[in-house]
Trainee: 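Sharing a structure here in structure tokens format.
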Amino acid sequence: MEPLDLGYGLVLQEEAQKLIIALAILGLVQILFGVASMLENSFSEGLKKLQIFRKLQHATTCLMILGVHKIGLFNKHQMVQYLCYTAIFVRVAHSSRHLSPKINEAFLAVFGRVFSKEEVDGEPPVAVFTLWGLAAVIGAFPPGVAYLAILGLSIGTSFAELAGQVAKRQLIFGLEGKSYVGCIWNAVATATATMAFLAFQDLCLGPIQLRGGFFLPKTLFVPLIKVMIAVFNGVISAIADIFVIGDMNGNLTMPITAAFVLGTIAGILPPCEKSMKETSIY
């Protein structure tokens, strides 16, 4: 983008233009989900308790951030910086609602439908921990690893929570909110989302050399490798989701744990050729 001349000696630089575009898209989506969440008034009490629009907002926001990172709208440093700023803003805004009843009333009128009961009562918003988790995986891990971890955070955890609420089956190790059914749905949903994501991506792989001068074209085995990566990411996402570290929020620990495991495995693989890095998710 070229600097935009606003007149009167004001010039909007490239980075500022990108930030405005990203905030405008994010704001539009949040407004649409805020309006759509009002439809929950027509739902039965059972459906209202599932907070479907809250889960959709969580998944969509994470996927939007993944998309912004993938297309390179901002570099890694900028992504981490803006995510941290947004997390701080959300936390301060949530805390400031207690300054007066009128501020609290206005705040809940706008955001109350996407807050849980605990958040309405004063607990820190889950969005803050989600943003910190996204900033951590984007800043500390290679892009391909970050993409896979974000897919688990956005799709896997949403399906896990929804399935756990519907099934209400036996809890895993007695952990609150962690059921076997939710764990299975996390793995299935994450694997499916990963497979859909990888279907449009290249992998840092070349043809396999065989004895006798023959080789196996990558078109024959890459689809199998993608399926294996998708299944592995699903399993890692499900395990990371039940991995609890003290009282830390799962939306912070889950993507970091998943990215750490995925990054460790990726580090064992042979390095990519420079030409292949340009089209590979790694």
Trainee: Would one find more than 12 heavy atoms of other residues, nucleotides or ligands at under 6.0 Å from atom CZ of Phe232?
Mentor: yes
Trainee: Same cluster for Ile265 and Ile229 if Ile/Leu/Val/Met/Phe/Trp/Tyr side chains link at under 4.5 Å?
Mentor: yes
Trainee: What heavy-atom pair brings Ala149 and Ala258 nearest, and what distance separates the two atoms?
Mentor: CB-CB, 4.5 Å
Trainee: Which pair of heavy atoms, one from Ser154 and one from Ala59, lies closest together, and at what distance?
Mentor: O-CB, 3.4 Å
Trainee: Going hydrophobic residue to hydrophobic residue with side-chain gaps under 4.5 angstrom, can you get from Leu83 over to Val126?
Mentor: no
Trainee: Side chain to side chain contact (heavy atoms under 4.5 Å, CB included) between Leu148 and Thr194: does it pass, once the steps are laid out?
Mentor: CA-CA 7 Å; Leu148 298 185; Thr194 304; 3.6 Å; yes
Trainee: Partners of Val188 by side chain to side chain contact (heavy atoms under 4.5 Å, CB included), sequence neighbours excluded?
Mentor: Ile184, Thr192
Trainee: Ile236 pairs by side-chain contact (heavy atoms from CB on, under 4.5 Å) with which of Asp241, Thr257, Val261?
Mentor: Val261
Trainee: Look up atom NZ in Lys76 and atom CZ in Phe141, then write down how far apart they are to the nearest 0.5 Å.
Mentor: 9.5 Å
Trainee: If you group Ile, Leu, Val, Met, Phe, Trp and Tyr by side-chain heavy-atom gaps below 4.5 Å, do Val235 and Leu262 land in one group?
Mentor: no
Trainee: Within the 4.5 Å heavy-atom criterion, are His69 and Tyr147 side-chain neighbours or not?
Mentor: yes
Trainee: Using every non-hydrogen atom in the two residues, find where Val80 and Gly139 come nearest and quote the distance to one decimal.
Mentor: CG2-CA, 3.4 Å
Trainee: Verify the distance criterion only: is there a donor paired with an acceptor across the side chains of Asn233 and Thr190 at less than 3.5 Å?
Mentor: no
Trainee: Any side-chain heavy-atom pair from Trp132 and Arg91 closer than 4.5 angstrom?
Mentor: no
Trainee: Start with the C-alpha gap between Thr130 and Asn249, add the side-chain angles, then the distance that decides, and say whether side chain to side chain contact (heavy atoms under 4.5 Å, CB included) holds.
Mentor: CA-CA 9 Å; Thr130 301; Asn249 188 276; 5.8 Å; no
Trainee: How far apart are the C-alpha atoms of Leu99 and Asn104, what are their side-chain angles, what is the distance that settles it, and do they pass the side chain to side chain contact (heavy atoms under 4.5 Å, CB included) test?
Mentor: CA-CA 8 Å; Leu99 295 177; Asn104 184 47; over 6 Å; no
Trainee: Rounded at 0.5 Å granularity, tell me how far NE2 in His77 sits from CD1 in Ile138.
Mentor: 13.5 Å
Trainee: Tell me whether the count of non-hydrogen atoms from other residues, nucleotides or ligands lying under 6.0 Å of CZ in Phe159 goes above 12.
Mentor: no
Trainee: With a 4.5 Å cut-off on side-chain heavy atoms, are Ser237 and Met254 touching?
Mentor: yes
Trainee: For a quick test of reading the model, state the closest non-hydrogen atom pair linking Met248 to Thr253 and the distance between them.
Mentor: CB-CG2, 3.7 Å
Trainee: When you measure from the side chain of Lys226 to the backbone N and O of Gln201, does any donor-acceptor pair fall under 3.5 Å?
Mentor: yes
Trainee: Roughly how far, to the nearest 0.5 Å, is the CE atom of Met64 from the OG1 atom of Thr60?
Mentor: 8.5 Å
Trainee: Hey, what do you get for CD1 (Ile239) to SG (Cys183), rounding to the nearest 0.5 Å?
Mentor: 7.5 Å
Trainee: Let me confirm one number: the CG-CD distance from Asn186 to Glu161, rounded to the nearest 0.5 Å.
Mentor: 11.0 Å
Trainee: State the OG1-CG distance between Thr61 and Leu66, to the nearest 0.5 angstrom.
Mentor: 12.5 Å
Trainee: Evaluate the side chain to side chain contact (heavy atoms under 4.5 Å, CB included) criterion for residues Leu153 and His58: first the C-alpha distance (whole Å), next the side-chain angles of each, then the deciding distance (0.1 Å), finally the verdict.
Mentor: CA-CA 9 Å; Leu153 175 63; His58 167 80; 4.3 Å; yes
Trainee: Can Ile225 be reached from Val227 by stepping across I, L, V, M, F, W or Y side chains whose heavy atoms are under 4.5 Å apart?
Mentor: no
Trainee: If Ile, Leu, Val, Met, Phe, Trp and Tyr residues are connected whenever their side-chain heavy atoms lie under 4.5 Å apart, and connections chain through other members, are Met228 and Val145 in the same group?
Mentor: yes
Trainee: At their closest point, which heavy atom of Phe197 faces which heavy atom of Lys70, and how far apart are they?
Mentor: CZ-CE, 4.1 Å
Trainee: Listed by chain and number, what are the side chain to side chain donor-acceptor pair (under 3.5 Å) partners of Ser96, not counting sequence neighbours?
Mentor: none
Trainee: Ignoring hydrogens, what is the shortest heavy-atom contact between Ala193 and Ile155? Give both atom names and the distance.
Mentor: CB-CG1, 3.9 Å
